[in-house]
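This chain uses plain numbering: 1 for the first residue, then up along the sequence. Every number for a ligand or one of its atoms is a count from 1 in the order of the listing.
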Amino acid sequence: MKRNIAIYPGSFDPATNGHLTIIHRALRIFDTVIVAVANNARKTALFTLEERQALLAEALQGEPRVEVDAFEGLLVDYVRRRQASAVIRGLRAVSDFEYEFQMANMNRKLDPDFEAVFMMTGEEHFYISSQVVREVAALRGDVSDLVPACVQKKLIEKFPK
Ligand code: PNS
């Protein structure tokens with residue numbers, strides 16, 4: 001029987017508890033979730049591509065139906081190559097909607113078979129973003145409730161007290 005594969009793409013700079021919740025929820029719908037870290041030369045990241053992948057792999061260890069990978073270039077090409085049926089994206093607030101709507105439609109223009117599934121972020125995570133986590137951590141604020149333990153440890157290494 002054909003496995004139902006979803007791709008969860010993103011920058012994951014770094015992964016947050018919001019991302020992890022979306023992944024676990026997606027596993028209830030899909031057989032396999034490929035977490036695909038974007039190698040985007042335009043964005044300057046706090047963590048290297050390898051660090052971002054390693055942190056996700058550590059946070060998701062023990063979950064055999066999750067694969068952590070990286071991709072470069074167009075998302076639609078990667079989705080086709082991996083024979084995935086859909087892309088997962090989390091939606092936090094109305095402010096996310098416009099960007100996601102534009103991206104989903106652009107992707108469908110590039111590939112009419114492209115499909116995106118949007119998952120509403122729960123109330124406990126709607127204010128969390130990688131950007132906010134980076135900023136609070138850089139100012140030595142406590143992000144222990146917002147990220148997995150391995151990410152918190154790495155943030156403390158990047159921003160020692
Ligand atoms: O976590 P992010 O930064 O919101 O993720 C954005 C991402 C990586 C999903 C998006 O930038 C993307 O798909 N990049 C790949 C390049 C691409 O296909 N661009 C056209 C999409 S409109």
For ligand 1, find each of its N or O atoms that sits under 3.5 Å from a protein N or O atom, and tabulate the pairs with distances to one decimal place.
residue	atom	partner	partner atom	Å
ligand 1	1 (O)	Ser11	N	2.9
ligand 1	3 (O)	Ser11	OG	2.6
ligand 1	3 (O)	Lys43	NZ	2.7
ligand 1	4 (O)	Arg89	NH2	2.9
ligand 1	5 (O)	Arg89	NH1	3.4
ligand 1	18 (O)	Leu75	N	2.8

* How about Arg80 and Asp113: do any of their side-chain heavy atoms sit closer than 4.5 Å? -> yes

* Begin from the C-alpha positions of Arg92 and Thr121 and carry the test side chain to side chain donor-acceptor pair (under 3.5 Å) through to its verdict. => CA-CA 5 Å; Arg92 281 167 306 205; Thr121 305; 5.6 Å; no

* Flag the pair Arg82 and Asp69 as a salt bridge only when some basic side-chain nitrogen lies within less than 4.0 angstrom of an acidic carboxylate oxygen. => yes

* Asked: Any salt bridge (charged side-chain N to carboxylate O under 4.0 Å, His left out) pairs touching residues 122-133, not counting sequence neighbours?
  -> none

* Quick one: do Ser11 and Asp13 satisfy side chain to side chain donor-acceptor pair (under 3.5 Å)? Show the steps, please. => CA-CA 5 Å; Ser11 304; Asp13 185 37; over 6 Å; no

* Asked: For the residue pair Phe101 and Phe97, does the interplanar ring angle fall in the parallel (under 30°), tilted (30 to 60°) or perpendicular (over 60°) class?
  -> parallel

